[in-house]
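Please read the structure below before turning to the comments.
Every chain is numbered from 1, with letters handed out A, B, ... down the list of sequences. From a predicted model like this one, the values you see are computed outputs, not experimental measurements.
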Amino acid sequence: MAVDAPLQVYNTLTRRKEPFETIESGRVRMYVCGVTVYDSAHVGHGMSAIVFDVIRRYLEHRGYDVRHAQNFTDVDDKIILRAHREGITPDALTERLIDEWLADTDALGIQRATVYPRATQEIGPIVAMIEGLIERGHAYPVDGDVYFRVRSFSDYGKLSHRQLDDLLSGARIEVDERKEDPLDFALWKAAKPGEPSWESPWSAGRPGWHIECSAMCSTHLNGVVDIHGGGADLIFPHHENEIAQSEAFLGQEPFARYWIHNGLLRLGDEKMSKSLGNMVRIREILDRGLGPAFRLMVLQSHYRAPLTFSEEGLQAAERGLARLRTAASDAASPLASEDNAETASTDILPLVAETQSRFHAAMADDFDTPGAVAALFDLGRAINRVRGTGVASPEVEAARVTLVELAGILGLTLEDVAVPLAGDAAPFIDLLVRVRDDLRAAKQWALADTIRDGLVAQGIAVEDGPTGSTWRRA
RNA sequence: GGCGCCAUGGCCAAGUGGUAAGGCACGGGUCUGCAAAACCCUGAUCGGCGGUUCGAAUCCGCCUGGCGCCUCCA
């Protein structure tokens, strides 16, 4: 593999790209905020999952041993409300939605995290951390609740680059007289009647939203992590609060070395979000077989930039993906020699090397997937060009293998997917296509066209080449 | 009101000091019984104004337009 350039990673905390250095040599501890499971996952979640999946795949490609933790927030107001509406227990609801999440992300080709801790299964460590914060004077109990004392943490605001006083001027914060400061946030909430609860020194209750991630980083990633990621909408207050809790508790900084945030997916001119109700579920695009196209669409935009989700964008990606698949296909048909075949085929070797270096340089520069993808398209075009001359040479095969491997680092599978998708029908389609070939040889074009049209109507594209016909799923 | 981001060809989208990646679409070709696929050719001086510089899409200022966060949110 080509020598990799030093990896540069953009850090939200410092607002600049920094050389990537891990706490432990060769190992990466990565914590990515997961979802609150009260509804199905939408494509915005899918985008985030794909972004961090690619980051992880690339780090692993560079030889890092990545320990990846992603939480499920499985207790909160919305879950309780939703479960009540459906007439089921919160547990039944979250169990179902977690299964759904795993099925959806699996189908998107996302590697499973190393661990998927759940808030309700981390109560012990959470309570311990809250006790520690109270002991250190960073938190205080009130009527069974426990709040974090924001003024006790001098660095508060450093991630989102805000001043405490600026935040107050926002004036959208409900004033709770029991809190010392309006910005103090809950670490523990006493349960109301009928709500799920766990015993604690302060009340039967449940953890606040932010504390679970801090506790999970402690129990699953040794407290301090290399990468802490999530959507840009988590920067404030969630990640800001996590920093306050963890650094106040640990008595050291930084709690996370690199804060990585993906830009948000938009629908039309506004952010896609559950609260706005303008979501498109991941399942909807998976059912249409557009999962891979969605991944390519995400990759063709930089992860930190916002991306607008659109049907046209999906279709454009699907077309582009088809071209890459053609180039990566094993089944390309060789033909008798052509004059320019030899030159074309030898010229491709330097391009293979160039593609490798372009790809790696792009990825090493803060995961510039659009640049990496552009290199793949250039290589794909070169392969198709040589193929067009009908020559299958070792050089082209080398290019093809490179294309497939590099795409694999991005989680894109290019090799033949048509036959498996056609399932049991494949042998019959093969038969029809062979019969049609005989008809064409006999110049029985009307009949040949009838067969082709029939297959097309069934979603099978038939393409006639110099040495016979091939088919693929359209 | 505070903090921040963005504005690149028809659409999407990289590039952050040396004279504009890539994808999709359109048009014109090659190939082909036809079709499809594939390949080839064709298109932008980078929102506006001013400044810094030998040189700016790329740095600075102002303006216009759009977006995000400040409240649950990937």
Side-chain angles (χ1 to χ4, degrees), chain A residues 15 32-36 38 41-52 70 73 76-78 157 160-163 165-174 183 209 229-238 240 261-266 269-276 279 296-297 299-302 304-308 310 312-324 326-327 332 344 358 362 365 368-378 380-389 440 443 445-446 448-449 452-453 456 461-466 469-472 474:
Chain A
R15 291 177 174 165
V32 181
C33 284
V35 288
T36 299
Y38 71 96
H42 64 228
V43 285
H45 298 121
M47 171 184 176
S48 188
I50 288 169
V51 163
F52 287 98
Q70 177 161 42
T73 300
D76 96 325
D77 290 339
K78 292 185 293 296
S160 53
H161 305 280
R162 286 158 218 242
Q163 305 297 316
D165 297 327
D166 292 340
L167 287 165
L168 283 173
S169 68
R172 285 205 280 168
I173 299 154
E174 290 175 37
L183 292 168
W209 175 36
D233 52 350
L234 296 182
I235 295 171
F236 190 92
H238 185 55
E240 193 69 60
H261 294 97
N262 62 276
L264 301 180
L265 194 66
R266 299 191 304 208
D269 20 285
E270 52 186 10
K271 176 179 83 165
M272 180 178 301
S273 79
K274 295 178 184 176
S275 54
L276 290 174
M279 52 178 262
L296 181 60
M297 183 174 86
L299 293 174
Q300 285 188 290
S301 163
H302 189 85
R304 280 191 280 116
L307 172 64
T308 300
S310 69
E312 306 77 70
L314 258 188
Q315 292 302 330
E318 177 66 11
R319 297 292 197 99
L321 188 58
R323 198 153 66 81
L324 286 178
T326 297
R358 269 177 75 194
D365 181 13
D368 177 15
T369 56
V373 169
L376 297 189
F377 272 104
D378 283 340
R381 179 183 304 104
I383 292 171
N384 285 336
R385 183 190 304 147
V386 179
R387 284 264 180 71
T389 67
R440 290 183 64 230
K443 297 190 189 298
W445 284 308
D449 289 349
R452 184 175 64 196
D453 293 346
V456 167
V462 179
E463 290 161 6
D464 302 329
S469 303
T470 57
W471 62 271
R472 62 184 173 78

For [N], what is the paired nucleotide under Watson-Crick or G-U wobble rules, both distances under 3.5 Å?
{"N": "B:C31", "result": "none"}
{"N": "B:U58", "result": "none"}
{"N": "B:C69", "result": "B:G2"}
{"N": "B:A21", "result": "none"}
{"N": "B:U42", "result": "none"}
{"N": "B:A7", "result": "B:U64"}
{"N": "B:U52", "result": "none"}

Quick one: does any side-chain atom of A:S301 pair with a main-chain N or O of A:M297 as donor and acceptor, under 3.5 Å?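 A pair under 3.5 Å: no.
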How many Å lie between [atom1] on [X] and [atom2] on [N], as a whole number?
{"X": "A:M297", "N": "B:C11", "atom1": "CE", "atom2": "C1'", "value": "13 Å"}
{"X": "A:D378", "N": "B:A14", "atom1": "CG", "atom2": "C1'", "value": "13 Å"}
{"X": "A:F236", "N": "B:G2", "atom1": "CZ", "atom2": "C1'", "value": "12 Å"}
{"X": "A:E318", "N": "B:C12", "atom1": "CD", "atom2": "C1'", "value": "16 Å"}
{"X": "A:H302", "N": "B:C6", "atom1": "NE2", "atom2": "C1'", "value": "14 Å"}

ring centroid sep under 5.5 Å plus plane angle under 30, A:W445 with B:G33: yes
Approximate separation, where rounding is to 0.5 Å, of [X] [atom1] and [Y] [atom2]:
{"X": "A:R381", "Y": "A:L324", "atom1": "CZ", "atom2": "CG", "answer": "10.0 Å"}
{"X": "A:L264", "Y": "A:M47", "atom1": "CG", "atom2": "CE", "answer": "7.5 Å"}
{"X": "A:L321", "Y": "A:L314", "atom1": "CG", "atom2": "CG", "answer": "11.5 Å"}

Nearest-neighbour nucleotide for the A:N384 side chain, B:C39, B:A74, B:A13 considered: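 The answer is B:C39.
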Identify which nucleotide among B:A21, B:A37, B:G23 has an atom closest to any side-chain atom of A:R323, counting heavy atoms from C-beta outward.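 Nearest nucleotide to the side chain: B:G23.
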